Amino acid sequence: MNKRVVIGMSGGVDSSVAALLLKEQGYDVIGLFMRNWRETDDNGSCTAEEDFCDVKSVSSTLGIPYYTVDFSHEYMDKVFMQFVDYYKRGLTPNPDVLCNKEIKFSCFAHYAKQLNADFIATGHYCNVLKSSEHTYLTRAVDENKDQTYFLNQVSEQQIENVIFPVGNMVKGEVRKLAEKYGLSTADKKDSTGICFIGERKFREFLANYIPMREGDIKTLDGHIVGKHNGVYYYTVGQRKGFGLGGAGNGEPWFVIDKDVEKNILYVNQGECDRLFSNEILTKSFNFITERPQNMEFRCQVRIRHRQPLQTATAKLEGDNVRIIFDTMQRAVARGQYAVLYNDNVCLGGGEIDIVK
RNA sequence: GGCUCCAUGGUCAAGCGGUUAAGACAUCGCCCUUUCACGGCGGUAACGGGAGUUCAAUUCUCCCUGGAGUCA
């Protein structure tokens, strides 16, 4: 009896090829398409429909059964509510990190278990490394596509029976393979935007959930230089979207800080020291596999997806971790995650709570 | 009210009789990207109005209009 793998199929190339590889490796493969957001996109079209068509197409090419499941209630409760709440509080949430923790490696995994799966799989670019007693999450071979950042909140238990078939491939190889096997998704554009929701005009999208509230845009020394529709729509370091142009030294303006209580957006023309920091405190840090032995250790860190790894010193402080970077970091946003690495191993991550 | 300046794209700002009327910031599009951002590359977009002078006016003169400053 072949081992059964339930693979999350999004309708993209990566999960298509992941399914292909599993099939080739002789697993009993079942495709599962998740539908977690019930709305059309900005253009009024429903990409979920198109994606599901691709899942059907690829599944039939591969000769595997497929199912569809709807976790939109769970997604709303466990991911989207917090997302909105964070923005209301002036933070910059990362819904995709939560989505992996709560939906893909939780709801999805439980559902797969009901289908008698021995393993679950996804098209994520990352890997698992097994030692005699532990399982570690490791970076993808394709540096450019590594998605471990988004998995920083999962637990060892959640990845113990997970297979990431494309984790040791580069994107080009994935597409070639898809083409070779005639998968309909071979040339499909990579999807971006919030997972399951897609690319949106962000402020307009947020305005559906957080009412606009006009306020002043001020310089750091208190001069009013414009008006905004709500500080929560903006992220520290942001340049576009508040219409400040001309005058001064001709440099672009950047968001430096936000005062949610007073509804003031602080900006500066050109980058300035206030935009940079080399020390942060993360809260309720999640170590995926094991808590480090030393209270203080050297490591690599990234504070945003795809940021090149930054060298730093980490200090354990209870459930929190203080991180002191070797070099200044630009636009550290509260609500995002600082994710630690020890070379290829992703140690885990914590939400950025305080930026010094 | 007198006098003196100023008037170019959304904003700031080059230009100094013949230019495809710079550039920056904003804005828009594309690229990058399973968060939000950053970033890269492109596009749209202007001579306040009316008379003159001149072969030729954004460029010179006058008037109007609209700003700014200054003086009783």
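Note that this is a predicted model, so its numbers are computed, not measured. Heavy-atom basis, side chains included; hydrogens, waters and symmetry copies ignored. Proteins come first, then strands; the chains are lettered A, B, ... in the order of their sequence lines, and each starts at number 1.
- The salt bridge (Lys or Arg N to Asp or Glu O under 4.0 Å) search around Glu251(A) returns none, not counting sequence neighbours.
- Straight-line distance between the C1' atoms of A13(B) and C71(B): roughly 32 Å, to the nearest whole Å.
- One P atom belongs to G17(B), the other to U59(B), and the distance between them is 11 Å to the nearest Å.
- Nucleic acid contact class of Arg304(A) (heavy atoms, under 4.0 Å, all strands): base.
- Residues satisfying the salt bridge (Lys or Arg N to Asp or Glu O under 4.0 Å) criterion with Asp14(A), sequence neighbours excluded, are Lys171(A).
- Among residues at least two apart or in separate chains, salt bridge (charged side-chain N to carboxylate O under 4.0 Å, His left out) pairs with a member in residues 259-281 of chain A are Asp257(A)-Arg274(A), Glu271(A)-Arg330(A), Glu279(A)-Arg322(A).
- Applying the ring-ring contact (aromatic ring centres under 6.0 Å, His included) test to Phe325(A) and every residue at least two apart in sequence or in another chain returns nothing.
- Stretches of at least 3 consecutive Watson-Crick or G-U wobble pairs, with each checked distance under 3.5 Å, appear in RNA chain B as B:1-7 with B:65-71, B:10-12 with B:23-25, B:27-31 with B:39-43, B:48-52 with B:60-64.
- Using modelled atom types and a 3.5 Å distance limit, the side chains of Thr148(A) and Tyr125(A) yield no donor-acceptor pair.
- At a threshold of 4.0 angstrom between heavy atoms, the contacts of Asn100(A) include nucleobase atoms, whether or not backbone atoms are also involved.
- Residue contacts shown for Gly250(A) are limited to sugar-phosphate atoms, with no base heavy atom under 4.0 Å away.
- Between Lys188(A) and Asp51(A) a salt bridge is recorded (basic side-chain N to carboxylate O distance below 4.0 Å).
- Taking a 4.0 Å limit (strictly below) on heavy-atom distances, residues 70-94 of chain A reaches RNA chain B at Tyr87(A), Thr92(A), Pro93(A), Asn94(A).
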Can you give the donor-acceptor pairs under 3.5 Å from side chains of residues 99-108 of chain A to other protein atoms, not counting sequence neighbours?
| residue | atom | partner | partner atom | Å |
| --- | --- | --- | --- | --- |
| Asn100(A) | OD1 | His124(A) | NE2 | 3.3 |
| Asn100(A) | ND2 | Asp96(A) | O | 3.2 |
| Asn100(A) | ND2 | Phe150(A) | O | 3.0 |

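- Going from the P atom of A37(B) to that of U44(B) covers 26 Å, rounded to whole Å.
- Lys104(A) comes within 4.0 angstrom of a nucleotide base, judged by non-hydrogen atoms across all strands.
- A 4.0 Å heavy-atom criterion places the boundary nucleotides of RNA chain B facing chain A at G10(B) to G39(B), written 5' to 3'.
- Across G10(B) and U35(B), the matching C1' atoms stand 31 Å from one another, rounded to whole Å.
- Among the heavy atoms of the strands, none lies under 4.0 Å from Gln269(A).
- The salt bridge (charged side-chain N to carboxylate O under 4.0 Å, His left out) analysis of residues 207-234 of chain A, with sequence neighbours excluded, yields the pairs Asp216(A)-Lys227(A).
- Considering only residues two or more places apart in sequence or on other chains, Glu143(A) meets the salt bridge (Lys or Arg N to Asp or Glu O under 4.0 Å) condition with Arg139(A).
- Residue contacts shown for Gly241(A) are limited to sugar-phosphate atoms, with no base heavy atom under 4.0 Å away.
- Residues that satisfy the salt bridge (Lys or Arg N to Asp or Glu O under 4.0 Å) test with Asp85(A), not counting sequence neighbours, are Arg89(A).
- Taking His228(A) as the reference, nothing meets the ring-ring contact (aromatic ring centres under 6.0 Å, His included) condition, with sequence neighbours excluded.
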